[in-house]
A.B. asks: 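Got a structure here, written out as structure tokens. Questions coming.
In what follows, chains carry the letters A, B, and so on, assigned in the order in which the sequence lines appear, proteins first and then strands, with residues in each chain numbered from 1. As the structure is a prediction and not an experimental result, all values here were calculated from the model.
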There are 2 protein chains.
Amino acid sequence: MPRPPTTPVSARNPERSRERILAAALKEFAAKGFAGARVDAIARRAGINKRMLYHYFGDKEELFKAVLRRKISERRAWGDALSGDPEETLPFWFEAACKDPDWVRLFQWEALQGDWRRVIDEEQRLEGAARGIKRIRQRQERGQISAELDPRHVMLTMRSLTMFPAAFPQLTRLITGKSVYDPEFQRERMEFLKKIAMALRPSSNGEKSADTEKT
Amino acid sequence: MPRPPTTPVSARNPERSRERILAAALKEFAAKGFAGARVDAIARRAGINKRMLYHYFGDKEELFKAVLRRKISERRAWGDALSGDPEETLPFWFEAACKDPDWVRLFQWEALQGDWRRVIDEEQRLEGAARGIKRIRQRQERGQISAELDPRHVMLTMRSLTMFPAAFPQLTRLITGKSVYDPEFQRERMEFLKKIAMALRPSSNGEKSADTEKT
DNA sequence: CCCCGAAGTAACTTTTTAGTTACTTATAGG
DNA sequence: CCTATAAGTAACTAAAAAGTTACTTCGGGG
């Protein structure tokens, strides 16, 4: 029987090798960062020879970029499927952050190592952010989010609220006494986020009721 | 004239050496993290011989811990001087994060490298967090913060709101178009935080007005 | 069937880096 | 004044770790 022309199962298989390297690199980089990651460890984890890694990706840094690019584009697709409504967006991204710590960690490594004035995949990420902001603005027009709030800062705040616990697990534990990965913590947090989302809605009385003070 | 017994200016001066090493190490670790930091670079920056660094601190890891411990205790003092009132706390911590990026970055490195289930200075940090939560609870009793909200999550959220932009400068720029260190960004953010602080107050109508929907 | 380029391997080199050894020099207390 | 002890120096070592060299093995087109 002739083997199907696509994906010969064993023997030589460049596609598969690339894939295995990327998956292994994701794990290693997320765990140890660029400086801490070991090329040999990635190769071992991927079950391939280190030489092939250089064959496919050039060097360690290019490999890191490839990993980051992949994760970012994967997530962008998710983001675009969402409305800007905090009541939907906050729980969604919070759950995503808890379920995929590697993703949060990659961003963090990027923040710490990189020159953040010029970032990988700049254009596409800018567009993704712009689309997100536009969605928020639409919700403001429909009266679902307070129009008092700068939509860019609403966006930034939604990211903060959802990513922070997974990004700073030690602070989360010190403050709440629970692990970010504890389902009970996640339930509590979901509850809290729901209330925060409500607080972002236009207040029923005259919107800017700053002077309702006791004094 | 007899030299004053305290702090002989030049020649041998262990206090000064320790101090210089810690300062240099702070810079290096904040910039590159534990794995990326170079002991030789720290020594050079401190203007001392590498051997002395080992003399005073044992090894690289102990030095990192010493640096972290120092920064943490410095900040704890600030925190205890504050009331739990978001309108005061949010701007204060936000400004602190912007003015001292090294501090935020150290926390981030800690989050990424460390075993965050057992953290440096655990006890004192737990106590510091507990005091902060107590202050929030007091404000809730006085009706300044919505009693609906879990005070631990309010605390965690205040940390998120203030630290996130400095912790993820690349996301901040992609979303807002401005650098975290741009005074204009900081002004905007202060403005925004003020409004968020207001949104955390008990809503003037019946607190849980979840069903004020349009539909 | 054979041969050329891509896939794959093992062992090597070069550089970097944490940590040490083996010394010299200042200084305080007796 | 003298000596024990801590501060300080320079040059070294051993262990990674990134990246290479010099090969072998497949497998598809002529």
A.B. asks: Please determine whether a side-chain nitrogen of the Lys or Arg among B:Arg152 and B:Asp150 lies less than 4.0 Å from a carboxylate oxygen of the Asp or Glu.
C.D. replies: yes
A.B. asks: Any chance you could list the contact pattern along nucleotides 16-25 of chain C? Use B for base contacts, S for sugar-phosphate-only contacts and - for none, protein heavy atoms under 4.0 Å, 5' to 3'.
C.D. replies: -SBBBB---B
A.B. asks: In whole Å, what is the span from the CZ atom of A:Phe57 to the P atom of D:dA18?
C.D. replies: 16 Å
A.B. asks: Give the rounded distance in Å between these two atoms: CD1 of A:Ile42 and C1' of D:dG19.
C.D. replies: 14 Å
A.B. asks: Rounding to an integer number of Å, can you tell me how far B:Arg44 CZ sits from D:dG8 C1'?
C.D. replies: 19 Å
A.B. asks: Inspect the contact between A:Arg70 and A:Asp121 and indicate whether a charged nitrogen and a carboxylate oxygen are less than 4.0 angstrom apart.
C.D. replies: no
A.B. asks: Base, sugar-phosphate, or nothing: which does B:Tyr56 touch, judged by heavy atoms less than 4.0 Å apart?
C.D. replies: sugar-phosphate
A.B. asks: Do B:Gln170 side-chain atoms and A:Phe107 backbone N/O form a donor-acceptor pair below 3.5 Å?
C.D. replies: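 Yes, because the side chain of B:Gln170 sits within donor-acceptor range (under 3.5 Å) of the backbone of A:Phe107.
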A.B. asks: Which whole-number value in Å describes the distance from A:Glu62 CD to D:dG19 C1'?
C.D. replies: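 The answer, rounded to whole Å, is 15 Å.
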A.B. asks: Does C:dA7 have OP1 or OP2 under 4.0 Å away from a side-chain N or O of A:Ser17?
C.D. replies: no
A.B. asks: Atom CE of A:Met52 and atom P of D:dC26: how far apart are they, to the nearest Å?
C.D. replies: 14 Å
A.B. asks: Do you see a donor-acceptor pair shorter than 3.5 Å between the side chains of B:Arg189 and B:Thr162?
C.D. replies: no
A.B. asks: Could you check how far CD1 of A:Ile48 sits from P of C:dG8, rounded to whole Å?
C.D. replies: 8 Å
A.B. asks: Got a salt bridge between B:Arg201 and B:Glu148, using NZ or NE/NH1/NH2 to carboxylate O under 4.0 Å?
C.D. replies: no
A.B. asks: Could you tell me whether B:Arg105 sits above the aromatic face of B:Phe29, with NZ or CZ closer than 6.0 angstrom to the six-membered ring centre and within 45 degrees of the axis?
C.D. replies: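 Output no; distance or angle outside limits.
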A.B. asks: Rounded to the nearest 0.5 Å, how far does CD1 of A:Ile48 lie from CG of A:Leu53?
C.D. replies: 5.0 Å
A.B. asks: Give the rounded distance in Å between these two atoms: CG of B:Asn13 and P of D:dA6.
C.D. replies: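 Distance, rounded to whole Å: 16 Å.
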A.B. asks: Among all residues two or more places apart in sequence or in another chain, which pass the ring pair (Phe, Tyr, Trp, His ring centres under 6.0 Å) test with B:Phe185?
C.D. replies: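 Applying ring pair (Phe, Tyr, Trp, His ring centres under 6.0 Å) to B:Phe185 gives A:His153.
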A.B. asks: In degrees, rounded to 10°, what is the bend between the two ends of the helix from C:dC1-D:dG30 to C:dG30-D:dC1, using five pairs at each?
C.D. replies: 0°
A.B. asks: Check the phosphate of D:dA7 against B:His55, side-chain N and O only, distance under 4.0 Å to OP1 or OP2. Yes or no?
C.D. replies: yes
A.B. asks: Hey, do the aromatic rings of A:Phe164 and B:Phe164 have their centres closer than 6.0 Å?
C.D. replies: no
A.B. asks: To the nearest angstrom, how far is A:Leu53 atom CG from D:dA17 atom P?
C.D. replies: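 From A:Leu53 CG to D:dA17 P: 15 Å.
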